[in-house]
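Residue numbers start from 1 in every chain, and the chains themselves are labelled A, B, ... in the order their sequence lines are given, proteins ahead of strands. Quick caveat: nothing in here was measured; it's all calculated off a predicted structure.
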2 protein chains.
Amino acid sequence: MQGEKNMRKNFELYKNIGVHTITSIFTVDKGVVKVLLVKRKNEPFKDMWALVGGAVYNNELLREGALREIKEKTGLEGVKIYESGIFDKLDRSPIMRMIAVTYVGIVDINKVNVLSETINTEDASWVPIDKVKRLAYDHNDILLKALDTLKELIVSTDILKGLFPNGFTIPEVQKTYEAILGKEFDRRNFRKKLLSLRLITDTGKEILFEGKRPAKLYKFDKRKENKSVF
Amino acid sequence: MQGEKNMRKNFELYKNIGVHTITSIFTVDKGVVKVLLVKRKNEPFKDMWALVGGAVYNNELLREGALREIKEKTGLEGVKIYESGIFDKLDRSPIMRMIAVTYVGIVDINKVNVLSETINTEDASWVPIDKVKRLAYDHNDILLKALDTLKELIVSTDILKGLFPNGFTIPEVQKTYEAILGKEFDRRNFRKKLLSLRLITDTGKEILFEGKRPAKLYKFDKRKENKSVF
DNA sequence: TTGACAAGTGTATAAAATACACATATAATG
DNA sequence: CATTATATGTGTATTTTATACACTTGTCAA
């Protein structure tokens with residue numbers, strides 16, 4: 001068959017496809033969605049900002065490679081990541097054929113502390129998504145896709161659990177939804193919907209923000225790990 | 001940093017990750033969902049049945065590689081394929097580290113003719129999904145994931161257009177949904193929903209099936225290419 | 001004490017999903 | 001020709017879900 005010949009002809013080339021993982025790590029900080037960027041230290045794209053990622057080793061799973069890169073480049077550990085897509089344009093890297101398997105994660109803004117303790121702030125930074133400039137490689141495209149994936153995930157999975165390790169108030173969750181989805185909800189209807197799902201429970205505690213009426217503190221119900229939120 | 005050392009140590013290994021595409025091509029034949037399998041001619045897994053796929057060349061996109069493999073192994077052309085997932089277990093191939101980028105497609109059963117003209121039926125076969133035995137590699141896992149993907153796609157995209165190139169009747173579409181989703185719909189409500197979306201138009205023609213009342217023939221509205229069906 | 005601010009709460013209306021029964025067009029049969 | 005079997009076609013009432021909308025409450029600061 002014709003294909004067999006091509007196969008042989010292209011075999012050496014085929015051996016040279018590189019595999020990278022690239023993760024868009026988000027947080028929501030006072031109603032602003034931010035993404036974690038790192039400054040590249042090597043060519044290509046030296047000194048440009050980029051999403052977190054790198055080459056996958058032969059002896060690790062893609063997901064493991066992604067988590068390793070996150071830890072090495074930012075100090076963050078235990079991030080829950082979700083598949084987002086695959087990027088494989090032939091010229092996406094100037095060095096060699098390279099495909100990128102991309103992931104999405106979201107973390108509590110307080111983990112920024114961890115970041116600043118272990119990594120020079122010149123090397124890693126939380127950037128509001130509408131302030132992101134030209135990134136290395138095709139990372140701008142990857143980021144756009146990641147935001148789409150994030151929008152799908154917050155209405156169909158419990159991905160936001162990772163954002164509220166110490167409980168949350170309903171207005172807080174609402175602001176997070178509004179920031180990520182880019183639209184507003186009626187306060188009464190949002191609360192009604194969230195409570196009707198019976199995925200969260202009232203802790204009985206309250207929490208105060210600068211001289212306003214205290215808000216009730218809720219937490220995700222542990223018994224319903226993987227059900228969708230919206 | 002510690003990772004840098006590992007990087008160097010693993011570089012040779014990293015160069016040896018192979019990239020495959022694997023496509024689950026479905027059809028629905030008289031209410032039965034079938035998948036297209038091909039018999040392997042070479043080791044590993046020689047003579048076992050497998051999904052359609054193979055190594056990606058360095059000079060082609062993943063999607064192009066998938067379509068090339070489909071054409072080479074089954075003769076099918078012009079199949080619209082959708083991303084399904086990535087499979088990367090370290091031992092999924094006994095030969096080398098291999099990651100599989102997987103796709104899903106669905107085609108009109110009448111293209112089976114094309115198949116039998118160009119390919120020996122010993123080499124390729126439509127198999128009902130509940131009759132699929134042990135496949136090569138991890139293709140049973142890939143098939144399960146592909147079915148999940150297909151279920152999502154038929155309620156959120158116009159993927160079924162590819163299944164009805166010459167128009168369709170509403171009961172036909174309903175049977176297809178029921179076969180793929182594994183549940184039944186009320187006939188009146190299904191028709192109401194489908195028509196309310198205004199994605200299909202009445203052709204004015206009718207079609208007959210063996211001594212029953214003729215059914216109206218519809219077609220997808222060309223102006224609304226990419227809207228979701230359910 | 002008053003004002004500013006965000007949190008908390010209930011009801012009425014509209015839209016969507018669901019449940020449900022009978023008439024009709026064809027081919028096959030006697 | 002009348003009868004039967006079979007799958008198609010059609011409308012309405014009910015339930016569920018989503019949406020729209022206004023006033024009261026608790027805290028801090030002035």
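Remark: P of C:dA17 and CD of B:Glu184 are 20 Å apart, rounded to the nearest angstrom. B:Arg191 has its CZ atom 15 Å from the C1' atom of C:dC22, to the nearest Å. Between B:Arg187 atom CZ and C:dT24 atom P the separation is 15 Å, expressed in whole Å. Here the P atom of nucleotide C:dA25 and the CG atom of B:Leu208 are 13 Å apart, to the nearest Å. Separating the CG atom of A:Leu194 from the P atom of C:dA7 is a distance of 14 Å, rounded to the nearest angstrom. Distance, B:Lys212 NZ to D:dG9 P: 14 Å, rounded to whole Å. A:Leu197 has its CG atom 13 Å from the C1' atom of D:dA18, to the nearest Å. For the pair A:Glu172 CD and C:dA6 P, the computed distance is 14 Å after rounding to whole Å.
Looking at B:Lys71 and B:Glu77, a side-chain N of the basic residue comes within less than 4.0 Å of a carboxylate O on the acidic one, giving a salt bridge.
In this structure, B:Phe190 and B:Phe185 have tilted ring planes: the angle between them lies in the 30° to 60° band.
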- Can A:Phe164 and A:Phe220 be said to form a ring pair (Phe, Tyr, Trp, His ring centres under 6.0 Å), step by step? CA-CA 9 Å; A:Phe164 302 109; A:Phe220 282 100; 7.2 Å; no

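Taking both residues in full, the closest heavy atoms of A:Ile81 and A:Arg63 are given as O-NH1, 2.6 Å, listed atom of the first, atom of the second, then distance.
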Output side-chain donor-acceptor pairs under 3.5 Å for residues 32-40 of chain B, partner residues at least two apart or in another chain, one line each.
residue	atom	partner	partner atom	Å
B:Lys34	NZ	B:Asp29	OD2	2.8
B:Arg40	NE	B:Pro44	O	2.7
B:Arg40	NH2	B:Pro44	O	3.0

Which pairs, protein N/O on one side and nucleotides 10-16 of chain C N/O on the other, fall under 3.5 Å?
residue	atom	partner	partner atom	Å
C:dT11	O4	A:Lys192	NZ	2.9

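Interface remark: the A:Arg213 side chain does form a donor-acceptor pair with the C:dA7 base, using a distance-only criterion of under 3.5 Å.
Between A:Phe26 and the choices A:Ile180, A:Val107, A:Leu147, the side-chain contact (heavy atoms from CB on, under 4.5 Å) rule is met once, by A:Leu147.
For the OP1/OP2 pair of C:dA7 and a distance below 4.0 Å, the side-chain nitrogens and oxygens of A:Lys175 include at least one atom meeting the criterion.
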